Amino acid sequence: MGEAIVELERVTKIFRRDQVEIPALRDVTLEVEAGDFLALMGPSGSGKTTLLNLIAGFDRPTSGSVRVGGVEVSRMSEGELSAWRNRHIGFVFQTFNLIPVLTAFENVELPLLLTRLSRQERREHVWTALRLVGLADRADHYPRQLSGGEEQRVAIARAIVTDPSLILADEPTGNLDARSAESVLALLRELNEQLRKTILLVTHDARATRYATRVRHLDKGILLPLEAERGVRG
Amino acid sequence: MGYARFIWRNGMRHRRRALLTVGSVALALFAMLTLVGFVQEIDRNLEEASPVRVITRHAVSLTNFLPARHRALIEQVPGVVADSRGEPRASAELVVVINLLRRGEAQGANVTVRGLSPEGVALRSRVRIVEGRMVQSGLREAIVARRLSERFQNLRLGDEVRFGRGVWRIVGLFEAGNTAFDSAIWVDVNQLASDYRRPVYSSILLRATNEAAVRALCERIEQERRFPMIAQPEIEYYREQTRVAGPIRALGMFLALMLGIGAGFAAMNTMDAAVASRTREIAVLRALGFRRRQIGRAFLLESALLGLVGGALGSALALPMHGLTTGAANWETFSELVFAFRVTPELMFTGIVFAMLMGVFGGGALPARRAARQAPALVLREL
């Protein structure tokens, strides 16, 4: 057993709308070890995104504990969470979420503006990340000049440029054609294998099971037992 | 990429909207600078007034006159400084209002003609003859404020103008340091009194030995029982005169304030739309580790940028107004006062800073607060 980087213990999240309680997660206990590539699968409304929100510290659990890298996320202040996310977490979103007025290079550089790195050091980090995702030649292109697959690769470069230990990917293939989706999943696997990045991938794309090292399923807010785990890298 | 560049690109993202905001800020600032320039000009008339000069006039009103026979009585009151020949430094003055035609217009306007003693020019430190010479006593000669000569017909050097009982020759042009005298024609007081058959004076200007002696000098004149007179330090007299500008000033400031508020709302509308259209991006920035205050600050800087560009443009628009002269009625004598708008570098700088603050506090503060309070979790959900 490796070191657990994400530990969820009996996590329950209930949303309240007016007087109605909507349970999104029920008593979820989950561990993600350093170096894991975990695909968290399930239909819409199963609680996948809620789980990511809790791990990223965007939201707090109704009960239970969420620890990332040994730190209790729900106990951190807003300011501490911001700095912690910048240092330790990389995000990849379904809709890429690049800033349209910035070039690919500048989008990747964005999280580095919060660090103490010099301009030269920032440039070096950005070029490294862009080369890793195979888009060094597109550095000065704006998002509108890139294909969906390329946009997502830029977003992955942005996620890894600060060298975080954990990458949270929310449906990263959801807006891509089959070929681009395969290439993004392959890139994530490469990051996992070569750079030892821990990846937590939330998806209902069945192709993910061929790339992840582990697969867990959520259904109606409940994490299905380990027997259901079946994803093994091909 | 620097932070400033990021802000600039964001600010210019919706160019049409940004340009409309910049335009409204620029127009507001243009109007404000013009109005403030005008109001400041009114106040400048007070600046020439000296604390050691005393104006003596009829106790009843400005339209009542001092009989010429009392002149010596007033000039010899103890406390009036004497020149090297032992003569009191005083100027008996008579003001009449004439109607002249403006340049390029068939319509006339009232102009003040001030008759004064030879000492009258020397007593006013800011007045200097810039072309020609001073008038000679006993002749129908006049010197004209340069600003006035630019606005009225037949008032250029060498021109002749008819009023009183004859034709007056313009022998000099003067500048009076942007004071009310920049709106007048000056002639010899005795010639003017003779032309108008008035052996009277509107006022007598005296120079006190020093500032401390002014009050005592005023009291001595007012205690004179043979004739009802008021003696006032010149500065007080002009303060009363410029009081008539109060309504103009109030209206000007009110209009400027309204325009400023309007521009503030335009900026707020733009920034509100910017925050609404960038909800997802704000959430991304929060996810990347940007703090609430950094995001709020980015929006504030963006609105400050709009204010800055609008302010600079408004100042540039107002610049050609510098030195432009216009007339305004002096409501007590119904003569025309000539004002020059003065858009100084200080005024422009203040205006640009004001425009930036208008952008920040008027337009940016609430949207920036809204942006800063936005939850990052939104980014992972459907928007």
Side-chain angles (χ1 to χ4, degrees), chain A residues 24 44 48-60 77-103 105-115 119 122-123 126 142 155 158-159 161-162 164 168-171 174 202, chain B residues 1-19 270-271 273-299 301-303 305-306 309 368-383:
Chain A
S44 292
K48 305 187 300 292
T49 299
T50 304
L51 194 74
L52 272 198
N53 276 337
L54 295 179
I55 293 170
F58 292 154
D59 211 346
R60 291 169 200 267
S77 68
E78 279 291 328
E80 287 168 339
L81 273 171
S82 296
W84 172 80
R85 272 187 218 118
N86 183 250
R87 275 199 304 271
H88 300 293
I89 314 269
F91 292 96
V92 183
F93 308 106
Q94 179 177 354
T95 47
F96 326 133
N97 290 330
L98 299 178
I99 308 288
V101 290
L102 302 182
T103 61
F105 186 96
E106 290 164 339
N107 265 289
V108 177
E109 191 185 9
L110 205 52
L112 294 179
L113 294 179
L114 297 170
T115 66
R119 191 161 176 263
R122 287 205 310 263
R123 291 180 65 82
V126 174
Y142 285 92
R158 182 178 65 184
V161 75
T162 53
L168 300 178
D170 184 32
E171 301 278 11
V202 157
Chain B
M1 174 193 58
Y3 197 54
R5 203 162 156 202
F6 180 44
I7 305 288
W8 169 255
R9 298 246 192 105
N10 269 328
M12 292 298 113
R13 192 183 292 200
H14 298 286
R15 286 203 182 160
R16 201 164 61 112
R17 199 157 59 197
L19 286 176
T270 300
M271 293 313 297
V275 172
S277 66
R278 284 184 232 157
T279 305
R280 185 182 284 274
E281 286 169 36
I282 294 166
V284 171
L285 292 176
R286 295 276 287 121
L288 294 180
F290 283 81
R291 292 173 185 233
R292 287 182 193 282
R293 65 166 181 269
Q294 287 170 316
I295 288 169
R297 198 166 57 205
F299 276 92
L301 285 172
E302 195 176 318
S303 54
L305 182 74
L306 290 175
V309 176
R369 188 163 173 262
R370 198 153 61 83
R373 290 164 78 97
Q374 189 176 300
L378 280 170
V379 80
L380 296 177
R381 297 190 187 143
E382 286 302 315
L383 286 172

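The chains referred to below are lettered A, B, ... by the order of the sequence lines, with proteins before strands, and numbering in each begins at 1. The figures here come from the full heavy-atom set of this structure, side chains too, leaving out hydrogens, waters and symmetry mates. These numbers come from a predicted model, not from an experiment.
The shortest side-chain heavy-atom distance between A/Arg158 and B/Leu288 falls under the 4.5 Å cut-off. You'll find the side chain of A/Ser82 stays beyond 4.5 Å of the side chain of B/Arg292, heavy atoms only. For the pair A/Phe91/B/Val284, no side-chain contact is recorded, criterion being any heavy-atom separation below 4.5 Å from C-beta on.
Residue A/Arg60 qualifies as enclosed at atom CZ: its count of foreign heavy atoms under 6.0 Å is above 12.
Summarising the geometry, atom CZ belonging to B/Phe290 is positioned 5.5 Å from atom CG belonging to A/Leu113; distances are rounded to the nearest 0.5 Å. Annotation: the span from B/Arg293 atom CZ to A/Glu78 atom CD amounts to 12.0 Å, rounded to 0.5 Å. If you take CD1 on B/Ile282 and CD1 on A/Ile99, they are separated by 9.5 Å, rounding to the nearest 0.5 Å. Atoms CG and CZ, on A/Asn97 and B/Arg280 in that order, are 5.0 Å from each other to the nearest 0.5 Å.
Here A/Val101 is the residue among A/Leu168, A/Asn86, A/Val101 with the most heavy-atom pairs under 4.5 Å with chain B. Of all the listed residues (B/Gln294, B/Arg278, B/Arg286), the one sharing the greatest number of non-hydrogen pairs under 4.5 Å with chain A is B/Arg286.
Scanning both residues, A/Arg85 and B/Ala287, for their nearest heavy atoms gives CD-O, 3.6 Å. Residues B/Arg291 and A/Gly79 approach most closely at NH2-O, 3.3 Å, considering heavy atoms.
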